[in-house]
Peer 1: 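Following this message is one structure expressed as C-alpha cells.
Computation of the quantities below employed the complete heavy-atom set of this structure, encompassing side-chain atoms and omitting hydrogens, waters and symmetry-equivalent molecules.
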2 protein chains.
Amino acid sequence: MDEAAALPLDVETKVIERPSDHKDELRLWLRLMSCKMLIENEIRRRLRDNYDITLPRFDLMAQLDKAPGGMKLGELSQRLMVSNGNITGLVDRLVGQGLLDRQAAPNDRRTHLVKLTAEGRRTFRAMAAAHEGWIADLFGGLSSSEQETLMRLLGKAKVSARKAIG
Amino acid sequence: MDEAAALPLDVETKVIERPSDHKDELRLWLRLMSCKMLIENEIRRRLRDNYDITLPRFDLMAQLDKAPGGMKLGELSQRLMVSNGNITGLVDRLVGQGLLDRQAAPNDRRTHLVKLTAEGRRTFRAMAAAHEGWIADLFGGLSSSEQETLMRLLGKAKVSARKAIG
DNA sequence: GGGAGTTATTTCAAGTATAAAATAATTCGC
DNA sequence: GCGAATTATTTTATACTTGAAATAACTCCC
C-alpha cells in the first residue's frame with residue numbers, strides 16, 4: 001500500500017514506526033455492538049409497550065420455556081451469561097409476579113429448581129410468538145443465504161473468542 | 001421440503017397448520033447476542049484487571065478521543081445508543097476521576113461540552129492500544145475475507161433493522 | 001418582545017448488573 | 001465419619017441503565 005511504502009525502510013525501527021494495525025477488527029467489533037444495540041433497544045421498547053415486560057425477564061422465561069422440568073439457578077446464569085446474583089434478583093421478581101415457581105431440589109438442598117407457572121407459560125408463549133415475528137421483521141432485509149453466512153461467521157467468531165479466552 | 005410435503009394440503013387450514021416459521025432469524029439473533037456477551041464479558045474483565053476501569057466508561061472515553069473539540073452530552077447519548085440520564089451519571093463519575101472536563105457551551109447555556117483532560121487522554125490512549133490488541137486477538141480465528149464479509153452483513157442487518165423500525 | 005413549542009440536560013424511582021464475600025450443603029479422601 | 005475442598009446460591013455494595021417527569025434555555029412566530 002502507498003502508506004506503507006512512504007514509511008522509512010529501516011528494519012530496526014519499522015515495528016515502532018508502524019505497529020501492527022488492528023483497526024479492522026476494532027471496527028468489526030464496534031459494528032457488532034451497534035447492530036446489537038439497534039435491535040435490542042427496539043425489542044425492549046416493543047416488549048414494554050405491548051406486554052409491559054422487560055427484556056431480561058423475557059430472556060429468562062425463554063430459557064425456562066425450553067426446560068419443562070425446570071432449571072437450576074446456576075444453569076440459568078450460565079446460559080444467559082450473567083452473574084449468579086443477577087439471576088437471584090430476576091427470579092425473585094418473576095416469582096413475585098406469579099410467572100415463576102421456585103422449589104427446592106429433592107436430592108440437593110443447595111439447589112433450587114425454577115420453572116414457569118401455568119400462567120407464566122401461557123404469558124410467555126404469547127409474547128414469544130410476537131417476538132419471533134419482530135426479529136424476523138428486523139432481519140428481513142437479509143436473504144436466507146446471507147442469514148446462513150452470518151450465522152456461520154458468528155459461530156466462527158465465537159469459536160475464535162473462546163479459544164483466545166482459553 | 002419433506003416436512004412441508006407431509007402436511008395436509010387443505011389450503012383453508014394451511015396457514016393455521018403451518019404458520020410462517022421464523023426460527024432461523026431467531027437463532028441468528030440469539031447467536032449474535034451470545035457472541036457479543038462472550039467477547040464483552042472478557043473485555044470487561046481485562047479492563048478491570050489491567051486498568052481498573054469499567055466498559056461503559058471506556059466506551060465513553062473512546063467517543064471523546066475521536067472528538068478533540070469535545071462533545072455535547074446528547075451527542076454522546078446518540079452515539080453510544082443509551083439514554084440521556086445514563087450519560088449524565090457516567091460523565092459525573094469520570095469528571096470526579098479527573099479524566100473528563102465539563103464546560104458550559106459559549107453560545108447555548110443549555111448545552112455542556114465534555115472533553116478528555118490531558119490525563120484522561122493519556123490514560124485512554126494506553127488502554128485503547130491494549131484494547132485494540134485484545135479485540136484483534138479475539139477475532140483472530142477469522143480470515144480477513146471472513147471479517148470483511150461479517151462486516152458487510154452486519155452493516156446490511158443494521159440497514160434492514162433501521163428500515164423495519166422506520 | 002412575549003408566549004408557545006422545542007431542545008438539552010438533570011433528576012428520580014425502579015430495575016438490571018457486577019464482583020466479592022458470606023452462607024450453606026455436598027463430595028471426597030482418608 | 002471427619003475435615004478439607006468444592007459447589008450452589010444469596011447477600012452486599014456499587015455501578016449502570018432505563019423511562020418518565022422536571023428544569024431550564026432556546027427559537028420562532030405573530
Peer 1: Below 4.0 angstrom from OP1 or OP2 of C/dT18, is there any side-chain N or O of B/Arg45?
Peer 2: no
Peer 1: Can you check the B/Asp92 CG to C/dC12 P distance for me, whole Å?
Peer 2: 13 Å
Peer 1: Please pick, from C/dA17, D/dC16, C/dA25, the nucleotide with the shortest atom-to-atom distance to any side-chain atom of A/Pro56.
Peer 2: C/dA17
Peer 1: Measure from CZ on B/Arg46 to C1' on C/dT18 and round the result to the nearest Å.
Peer 2: 18 Å
Peer 1: Check every strand shown and say whether B/Thr111 touches a base, only sugar-phosphate, or nothing at a heavy-atom separation below 4.0 Å.
Peer 2: sugar-phosphate
Peer 1: Take B/Gly89 and A/Asp108, find for each the nucleotide of DNA chain C with the closest heavy atom, and name the residue whose nucleotide sits nearer the 5' end.
Peer 2: B/Gly89
Peer 1: When only distance counts, do a donor and an acceptor, one from the side chain of A/Arg110 and one from the base of C/dT26, lie under 3.5 Å apart?
Peer 2: no
Peer 1: Taking 4.0 angstrom as the limit, do A/Arg122 and A/Glu119 come out as a salt bridge?
Peer 2: no
Peer 1: Rounding to a whole Å, what distance do you find between A/Met71:CE and D/dA8:P?
Peer 2: 13 Å
Peer 1: Looking at A/Lys72, does any N or O in its side chain come under 4.0 Å of the phosphate oxygens OP1/OP2 on D/dA8?
Peer 2: yes
Peer 1: Please check the phosphate of D/dT9 (OP1 and OP2 only) for any side-chain N or O of A/Asn84 closer than 4.0 Å.
Peer 2: no
Peer 1: Calculate the interatomic distance between A/Leu55 atom CG and D/dG19 atom P; express it in whole Å.
Peer 2: 11 Å
Peer 1: What is the distance, to the nearest angstrom, from the CZ atom on A/Arg93 to the C1' atom on C/dA14?
Peer 2: 9 Å
Peer 1: Do the non-hydrogen side-chain atoms of A/Ile39 and A/Cys35 ever get within less than 4.5 Å of each other?
Peer 2: yes
Peer 1: Does B/Arg102 have a side-chain nitrogen or oxygen under 4.0 Å from the phosphate oxygens OP1 or OP2 of C/dA8?
Peer 2: no
Peer 1: Can you identify which nucleotide, out of D/dT18, C/dT10, C/dT16, has its nearest atom closest to the A/Arg44 side chain?
Peer 2: D/dT18
Peer 1: Compare the minimum distances between each of D/dT18, C/dT16, C/dT10 and the side chain of B/His112, then state the nucleotide with the smallest one.
Peer 2: C/dT10
Peer 1: Taking atom P of D/dT10 as reference, at what distance in whole Å does atom CG of A/Leu76 sit?
Peer 2: 11 Å
Peer 1: Given C/dT16, D/dT10, D/dT18, which nucleotide is nearest the side-chain atoms of A/Thr54?
Peer 2: C/dT16
Peer 1: Are any of A/Arg109's side-chain N or O atoms less than 4.0 Å away from OP1 or OP2 of C/dT26?
Peer 2: yes
Peer 1: For B/Asn86 and C/dT11, give me the distance from atom CG to atom C1', rounded to whole Å.
Peer 2: 14 Å
Peer 1: Between D/dA25, D/dT10, C/dT9, spot the one nearest the side chain of B/Leu73, thanks.
Peer 2: C/dT9
Peer 1: Report the nucleotide, chosen from D/dT18, D/dT10, C/dA20, that has the shortest atom-to-atom distance to any side-chain atom of B/Val82.
Peer 2: D/dT18
Peer 1: Could B/Glu75 and B/Arg79 be called an ion pair, given the rule that one side-chain N must be under 4.0 Å from one carboxylate O?
Peer 2: yes
Peer 1: Give B/Ile87 one of three labels, base, sugar-phosphate or nothing, depending on what nucleic acid heavy atoms sit under 4.0 Å from its own.
Peer 2: nothing
Peer 1: Between P on C/dT16 and CG on A/Leu60, what's the gap in Å once rounded to a whole number?
Peer 2: 10 Å
Peer 1: Do A/Leu116 and A/Leu100 make a side-chain contact, defined as non-hydrogen atoms from C-beta onward lying under 4.5 Å apart?
Peer 2: yes
Peer 1: Identify which nucleotide among C/dT10, D/dT17, D/dA8 has an atom closest to any side-chain atom of B/Ser83, counting heavy atoms from C-beta outward.
Peer 2: D/dT17
Peer 1: Let me know, please, whether A/Arg57 or B/Thr88 comes out on the 5' side of the other along DNA chain C by nearest nucleotide.
Peer 2: B/Thr88
Peer 1: Would you classify B/Gly85 as touching base, sugar-phosphate or nothing, given that sugar-phosphate means primed atoms plus P, OP1 and OP2, and contacts are heavy atoms under 4.0 Å?
Peer 2: base
Peer 1: Would a single hydrophobic cluster contain both B/Leu28 and B/Val159, if residues Ile, Leu, Val, Met, Phe, Trp and Tyr are joined by side-chain heavy-atom contacts under 4.5 Å?
Peer 2: no
Peer 1: What I'd like to find out is whether the side chain of B/Glu40 reaches to under 4.5 Å of the side chain of A/Met33, using heavy atoms alone.
Peer 2: yes
Peer 1: Using side-chain heavy atoms (C-beta onward) and a distance below 4.5 Å, is A/Asn86 in contact with A/Leu80?
Peer 2: no
Peer 1: Closest approach to the side chain of B/Arg48, judged atom by atom: which nucleotide of D/dA25, C/dA20, C/dT11 is it?
Peer 2: C/dA20
